[in-house]
Amino acid sequence: MRITRHKTLFAAAFVFATAFASTASASFDWRCDSCMGTYDYCVSQPDASIDACVTEYNLCAGRYNCPYMPI
């Protein structure tokens with residue numbers, strides 16, 4: 001029983017590490033991050049229109065092959 005539990009724990013840790021590594025490799029690069037910074041700045045303005053900010057982000061994201069935001 002103890003060996004089975006150890007193997008199960010090891011397998012769970014391996015799956016977690018694999019998922020973490022794939023998430024880290026799929027993270028935004030600096031260009032996508034700059035698009036998100038532009039979006040954050042746009043949204044922080046007092047007269048911000050969310051639709052206009054999302055459109056601005058999507059235009060930037062399209063240039064760099066980043067994921068789009070739904071409007």
Side-chain angles (χ1 to χ4, degrees):
M1 175 85 176
R2 184 177 176 150
I3 293 173
T4 304
R5 187 179 304 155
H6 179 69
K7 286 183 181 180
T8 304
L9 185 61
F10 179 74
F14 180 76
V15 169
F16 176 76
T18 304
F20 182 76
S22 67
T23 302
S25 68
S27 65
F28 289 126
D29 64 359
W30 65 271
R31 295 174 298 189
C32 296
D33 203 31
S34 69
C35 294
M36 188 53 104
T38 302
Y39 171 78
D40 289 339
Y41 176 76
C42 180
V43 171
S44 70
Q45 299 305 308
D47 60 343
S49 165
I50 300 299
D51 291 339
C53 294
V54 169
T55 302
E56 187 175 338
Y57 170 82
N58 286 340
L59 288 173
C60 179
R63 285 180 269 177
Y64 302 118
N65 240 2
C66 302
Y68 289 106
M69 282 187 185
I71 292 179

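Position 1 is the first residue of the sequence, and the numbers go up from there.
Between the OG1 atom of Thr55 and the OH atom of Tyr68 there is a distance of 12.0 Å, given to the nearest 0.5 Å. In this structure, CG in Asp51 is found 6.5 Å from CD1 in Ile71, a value given to the nearest 0.5 Å. Between the CE atom in Met36 and the CE atom in Met69 there is a gap of 3.5 Å [rounded to 0.5 Å].
In plain terms, the two heavy atoms of Cys42 and Ala48 that are nearest each other are O-CB, 3.2 Å. Taking each heavy atom of Pro67 and Tyr57 in turn, the nearest pair found is O-OH, 3.0 Å.
Annotation: side chain of Val54 is in contact with side chain of Tyr39 (closest heavy-atom distance under 4.5 Å).
Disulfide criterion (SG-SG under 2.5 Å) for Cys35 and Cys66: not met.
With sequence neighbours left out, Ser34 forms a side-chain contact (heavy atoms from CB on, under 4.5 Å) with no residue at all.
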